[in-house]
Amino acid sequence: MTKIEKISPQSLAEAKRIILSGGVVGIPTETVYGLGGNAFDDGAVKKIFEVKGRPNDNPLIAHIHLDYDLSKIIDYDTPCAKKLREAFLPGPLTLVYPSTNKVSPFVSCGLNTLAVRVPSHDGAQAFLREVDVPVVAPSANLSKHVSPTSALHVYEDFAGKIPLILDGGECEGGIESTVCDVTGDIPIILRPGLITKEMIEQVCGACEVYAPVLKAGDRAKSPGMMYKHYSPRCQTALFEKGALSNAKSRVREELDKGRKVAVLCENLLLKEFVGIDAQMLDLGSSPDEMATNLYKLLRQSEKIADVLVAIEPSAQGGVMEGVMNRLKKACLSTDINAKS
Ligand code: AMP
Ligand code: MG
């Protein structure tokens with residue numbers, strides 16, 4: 001049986017018992033919910049990969065509380081990492097440090113680095129203080145499915161498979177943390193998120209974005225970025241912003257076939273679909289709102305529609321890099337990038 005418990009001294013004590021005996025617990029953060037396990041415990045780490053169905057070359061992020069001694073889990077610090085911690089932590093930024101043999105070898109899947117994050121969510125901090133070990137916590141969704149932004153989403157994917165989900169309310173951030181490699185002189189963004197390239201540049205003077213062109217047999221710097229991900233369990237079609245009329249035609253075609261259609265678009269475009277019998281999913285207006293709403297709406301789409309027609313929002317850069325990164329992967333499953 002899987003319990004959902006609000007965060008309280010009792011539920012935190014129960015979470016601690018589970019984590020320190022090698023189990024896994026669903027935990028809230030300000031980005032998405034995580035599936036947490038003790039980073040020092042091989043069995044717990046393996047269990048996380050098993051229960052998620054996560055490919056075993058996709059490394060995990062270790063979560064620590066604000067006062068946890070970082071030197072217990074990394075080999076050495078870098079000046080650029082120090083500046084980024086001061087500017088953005090606690091918060092939705094994961095830093096990749098040089099690290100070998102400090103936590104379970106299964107955490108980093110053979111890489112000589114460790115990704116570390118200090119979440120700002122009060123419930124996550126309380127939980128991490130209670131257990132006082134680094135907790136690996138990938139997003140608490142079955143591999144490839146949409147990431148969870150509420151305790152109920154975690155329940156949908158893991159009911160009966162994990163003993164406890166700590167309920168810390170709906171996640172405000174909505175998309176996963178920015179992952180940034182700080183092992184060299186210049187920080188490199190491996191996964192875009194709410195802490196943007198521009199924000200990192202302001203602090204460190206420079207910032208690169210990892211965009212690999214891989215040949216067969218090459219290993220990506222951040223393997224998780226190579227997979228189809230975040231996908232609702234319905235057919236999907238993503239249209240570029242200039243292709244509104246194509247998107248509308250597609251909606252009409254699907255409706256004519258008797259299929260249920262959901263349309264995911266920014267608030268500004270809702271009026272374009274008045275009189276068309278599709279379920280409208282309003283992403284919102286600002287980039288931050290769109291990040292907050294994205295996964296909730298993708299989860300909704302699979303419940304109400306046979307096909308999701310998504311339209312690229314007009315805003316670009318900053319947080320939209322993270323939003324579009326997720327939306328493109330979510331729509332990789334079937335037909336994509338219908339151009340104008
Ligand atoms: P998730 O846990 O589902 O949010 O995914 C974690 C992301 O962090 C994936 O894209 C991983 O590839 C990436 N990641 C975790 N550890 C490392 C690492 N040591 N080096 C590079 N990327 C990492
Ligand atoms: Mg994930």
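Order of appearance sets the numbers: ligands from 1, and atoms from 1 within every ligand. Keep in mind that this is a model prediction, so the values were computed, not measured. One is the number of the first residue; the rest follow in order along the sequence.
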Colleague: N/O/S atom of Ser147 under 2.8 Å from the Mg ion (ligand 2), yes or no?
Modeller: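 Checking the Mg ion (ligand 2) against Ser147, no N, O or S atom falls under 2.8 Å.
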
Colleague: Atoms of ligand 1 less than 4.0 Å from Thr113 heavy atoms?
Modeller: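 Heavy-atom distances to Thr113 below 4.0 Å select 18 (C), 19 (N), 20 (N).
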
Colleague: Which bit of Val32 is near ligand 1, meaning a heavy atom under 4.0 Å away: side chain, backbone, both or neither?
Modeller: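 Looking at Val32 and ligand 1, no heavy atom falls under 4.0 Å.
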
Colleague: Does NZ or CZ of Lys271 come closer than 6.0 Å to the centre of the six-membered ring of Phe273, within 45° of the ring's axis?
Modeller: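 Relative to the ring axis of Phe273, which defines the angle, Lys271 lies outside at least one limit.
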
Colleague: Is Lys197 paired with Glu208 through a side-chain N to carboxylate O contact shorter than 4.0 Å?
Modeller: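 So Glu208 does not pair with Lys197 through a salt bridge.
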
Colleague: Within a distance under 4.0 Å of any heavy atom of Ala115, pick out the atoms of ligand 1 and give their elements.
Modeller: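 Listed by number with element: 15 (C), 16 (N), 17 (C), 19 (N).
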
Colleague: I need the Tyr97 OH to Thr78 OG1 distance, nearest 0.5 Å.
Modeller: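 These two atoms lie 7.0 Å from each other.
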
Colleague: Does Asp157 pair with Arg299 as a salt bridge, N-O distance under 4.0 Å?
Modeller: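 Yes, Asp157 and Arg299 are salt-bridged.
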
Colleague: Charged N to carboxylate O under 4.0 angstrom, Asp306 versus Lys260?
Modeller: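 Looking at Asp306 and Lys260, the cut-off is not met.
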
Colleague: Measuring from atom OG of Ser139 to atom CG of Leu35, what distance do you get when rounded to the nearest 0.5 angstrom?
Modeller: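 These two atoms lie 9.0 Å from each other.
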
Colleague: So, Lys303 and Glu156, do they make that salt bridge, N to O below 4.0 Å?
Modeller: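 Counted as a salt bridge, because a side-chain N and a carboxylate O are separated by less than 4.0 Å.
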
Colleague: Just jot down the ligand 1 atoms closer than 4.0 angstrom to any heavy atom of Ser139, in number order.
Modeller: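 Under 4.0 Å from Ser139, ligand 1 has these atoms: 1 (P), 2 (O), 3 (O).
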
Colleague: Please work out which of Arg117, Glu176, His63, Arg54 has its closest non-hydrogen atom nearest to atom 5 (O) of ligand 1.
Modeller: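 Among Arg117, Glu176, His63, Arg54, the closest heavy atom to atom 5 (O) of ligand 1 comes from Arg54.
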
Colleague: Which of these, Pro59, Gly34, Ser143, has its nearest heavy atom closest to atom 17 (C) of ligand 1?
Modeller: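 Nearest option to atom 17 (C) of ligand 1, by heavy atoms: Pro59.
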
Colleague: Which ligand 1 atoms, with their elements, are less than 4.0 angstrom from a heavy-atom of Leu190?
Modeller: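 Every atom of ligand 1 under 4.0 Å from some heavy atom of Leu190: 21 (C), 22 (N).
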
Colleague: Is any N or O atom of Lys52, backbone or side chain, closer than 3.5 Å to an N or O atom of ligand 1?
Modeller: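 In this structure, Lys52 places no N or O atom under 3.5 Å from an N or O of ligand 1.
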
Colleague: Out of all atoms in ligand 1, which are within 4.0 Å of some heavy atom of Asn58? Include the element for each.
Modeller: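 Selected atoms, number and element: 9 (C), 11 (C), 12 (O).
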
